[in-house]
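Quick notes on the structure that follows.
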Amino acid sequence: MLRRQFVRENPETVRDAVERKGVTGVDVDEILEIDEEWRELKSRGDGLRHERNEVSSDIGELKQAGKEEEAQAAIERSQELKAELQRVEERADELEDELEQRLLEVPNVPHESVPTGEDESDNVERYREGFDDLRVDPADVTPHYDIGEELDILDFERGAKVSGGGFQFVKGDGAKLERALIQFFLDVHEKQDYVEVAPPIPVNSASMRGTGQLPKFAADAYRVSARQADDYDDDDLWLLPTAEVPVTNMYRDEILLDDDLPVKHQAFSPNFRREAGEHGTETRGYVRVHQFNKVELVNFVRPENSYDRLEALLGEAEEVLGRLGLPYRVLDMCTGDMGFTQAKKYDIEVWAPGDDMDDGPDVGGRWLEVSSVSNFEDFQARRAGLRYRPERHESAEYLHTLNGSGVAVPRVMVAIMEYYQNDDGTVTVPEALQSYMDGQEVIEGHEPIGESAVGAGDKE
RNA sequence: GGUGGGAUAGCGAAGUGGCCCAACGCGCCUGCCUUGAGAGCAGGUGUCCUCACGGACCCCUGGGUUCAAAUCCCAGUCCCACCGCCA
């Protein structure tokens, strides 16, 4: 959330941010009008209340002095003031609520270094890593959803049966590989001074508002014990769409000590996203699902350090891909593609050679976003009441929050299943993961189970 | 789930209708004093409106009673203790 004062004083900047981020339904002029009217009523209400306070204290004195008649007249005057005050303040409260609602829907202002652009085609590629000596030719690679089925380590049909489309079973060596990845990520980040937290999975509406999921993106999250369209209040629960929500809100409405900063937390959790209308050939398989695992990195820092920290956080997130030997690239996200809450954002995209897509690299294959690394400046901190007390100032200030995925597990699974695929249809376990797999070097798969396997000719 | 206790400024803590524009202590900031530090003394230390003067608000949240609420009433949230149930 932006400061009211900031919006008042920089309407052009705010209008510009709304437009460049492609946010609809926000009318800055209307917000300014509401603010203007509210301030007028506020000052009238203050005046009335001041008068009432004076009359009220007179009543006390008059009664003490035994001047009953005058006291009675003052009481009547006070009642008149009360009625008028109520009228003025009711309207002022309405306007303030409205103002607050509107401000929650105003996006964060992009940092000056962010490239202007409309959509993903305007993002700027900063660099690529790991493309010098590729171990596969994309022409020979089987997509992960096919090889996952052949090895019987990914099962989307049974996931859909048990929970619905977009849910899956990961089985046998696949499940083991996924667990190894999680453990590996956590270990790498622990050495980068991250303190791990295991967060609650359901989070309340106040938390969702703190990180910026609510009110604008209610339709993207799963609700607990309520219908999707039902009204919600602060205490209602949602399934976390990312561990960013519980972890960023962990210190909500608190004041941290200057010495505490920077605070670096990592959290492993499943993530739940409705992903309405996002299904199609581009998202086939383990690429865009309703439930997936992720290790999330969250930083709380002093405002003056946040951009240095953003660069360092990018390095921390990409380290896991480097150690897995997976080729990837880093994008500087443009204004139109960066999202509502971010002031600046980098995306890390891993190379998945299995499906050849138009917007993939020249060698073939496709890019898969596995991490986005963002600086929110004080946007989340203001919504969530996250403050710290600088050493030489008397009052608390909003700190800056950053986060980065470290990283989304399923898409790394996809990249491994495709990039580390062998000619015989097996998958080599990346060296960095072998110690997490009891030394296992190759995934050879499992015999499918059930009569459907016989029908498909996979089993006798 | 039950019973009881609690929530007051950055922290600790007093305050049971008008003398509370919330005592006191600690921390922090500014000034005085000092060669410097410390001690001491004075002022300050949340939010909002106002160019300013100044004013309004803030005692967990939301309602209510009253001319007047930190204080009384109702509902809720969270914390603590004990009891019950439970992996």
Side-chain angles (χ1 to χ4, degrees), chain A residues 1-9 31-103 198 200-210 224-225 231-238 246 249-261 300 302 378 381-399:
Chain A
M1 185 163 56
L2 301 175
R3 263 174 33 239
R4 261 183 229 181
Q5 243 181 331
F6 181 86
V7 177
R8 217 176 276 155
E9 287 165 7
I31 291 174
L32 291 172
E33 277 169 34
I34 294 168
D35 180 56
E36 179 88 36
E37 196 184 341
W38 168 73
R39 282 189 293 161
E40 199 205 305
L41 285 170
K42 158 88 172 146
S43 114
R44 258 173 68 197
D46 281 0
L48 286 168
R49 196 170 274 278
H50 176 59
E51 204 179 333
R52 195 199 66 160
N53 285 345
E54 289 188 330
V55 171
S56 193
S57 80
D58 287 347
I59 295 171
E61 285 172 25
L62 290 168
K63 288 210 165 193
Q64 294 271 320
K67 298 177 180 169
E68 279 304 324
E69 247 174 64
E70 287 175 52
Q72 195 50 44
I75 286 173
E76 277 160 29
R77 174 67 185 141
S78 174
Q79 277 164 333
E80 283 168 33
L81 285 169
K82 187 186 177 183
E84 196 180 348
L85 189 60
Q86 192 170 0
R87 217 168 36 76
V88 171
E89 290 195 336
E90 242 168 47
R91 178 67 185 143
D93 287 349
E94 267 174 40
L95 286 171
E96 192 169 22
D97 283 352
E98 175 75 19
L99 192 58
E100 197 70 7
Q101 280 309 113
R102 299 284 189 109
L103 281 173
I201 305 300
V203 291
N204 60 32
S205 307
S207 298
M208 291 283 278
R209 178 162 9 84
V224 177
S225 301
D231 288 338
Y232 56 84
D233 63 32
D234 273 9
D235 299 323
D236 283 327
L237 293 174
W238 308 72
N249 281 282
M250 198 171 163
Y251 304 110
R252 189 171 73 221
D253 297 323
E254 290 191 42
I255 295 173
L256 304 186
L257 300 174
D258 190 61
D259 285 348
D260 295 332
L261 303 178
F300 303 89
R302 297 184 193 99
D378 62 3
R382 185 167 292 109
R383 292 167 85 105
L386 287 162
R387 295 183 296 170
Y388 81 111
R389 197 174 294 282
E391 208 170 6
R392 298 208 156 265
H393 294 66
E394 63 264 25
S395 61
E397 289 182 7
Y398 291 110
L399 44 74

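A note on names: the letters A, B, ... follow the listed sequences, proteins ahead of strands, and every chain is numbered from 1. These figures come from a predicted structure and were not determined experimentally.
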### Task
For RNA chain B, find the residues of residues 71-79 of chain A with a heavy-atom distance under 4.0 Å and give them by number; none if there aren't any.
A:Ile75, A:Ser78, A:Gln79

### Query
For the side chain of A:Ser205 and the backbone of A:Asp236, is there at least one donor-acceptor N/O pair under 3.5 Å apart?
yes

### Summary
pair_partner(B:G18), Watson-Crick or wobble, both distances < 3.5 Å, evaluates to B:C67

### Task
Look at A:Lys42 together with A:Glu96 and state whether they make a salt bridge at an N to O cut-off of under 4.0 Å.
no

### Task
May I have the distance from A:Leu81 (atom CG) to B:U66 (atom P), rounded to whole angstrom?
17 Å

### Message
Taking B:U65 as the reference, what is the distance to B:C80 when you measure between their C1' atoms (whole Å, please)?
### Response
31 Å

### Separation of atom CG in A:Asp260 from atom C1' in B:G10, rounded to whole Å
13 Å

### Query
What is the distance from CD of A:Glu254 to P of B:C78, rounded to the nearest Å?
17 Å

### Value in whole Å for how far the C1' atom of B:C19 lies from CD1 of A:Ile59
17 Å

### Query
Across the strands shown, which category fits A:Ile255 at heavy-atom distances under 4.0 angstrom: base, sugar-phosphate, nothing?
sugar-phosphate

### Task
Take the protein atom CD of A:Glu397 and the nucleotide atom C1' of B:G10, then report the distance between them rounded to whole Å.
14 Å

## Note on the structure
Any strand, both distances under 3.5 Å, Watson-Crick or G-U wobble: B:U30 pairs with B:A42

### Query
How close or far is atom C1' of B:A56 from atom CG of A:Leu41, stated in whole angstroms?
14 Å

### Message
Between C1' on B:A56 and CD on A:Gln86, what's the gap in Å once rounded to a whole number?
### Response
17 Å

### Query
What's the NZ-P distance between A:Lys82 and B:U65, to the nearest Å?
7 Å

### Query
Counting only non-hydrogen atoms, which of residues 42-55 of chain A are less than 4.0 Å from RNA chain B?
A:Lys42, A:Ser43, A:Asp46, A:Arg49, A:His50, A:Arg52, A:Asn53

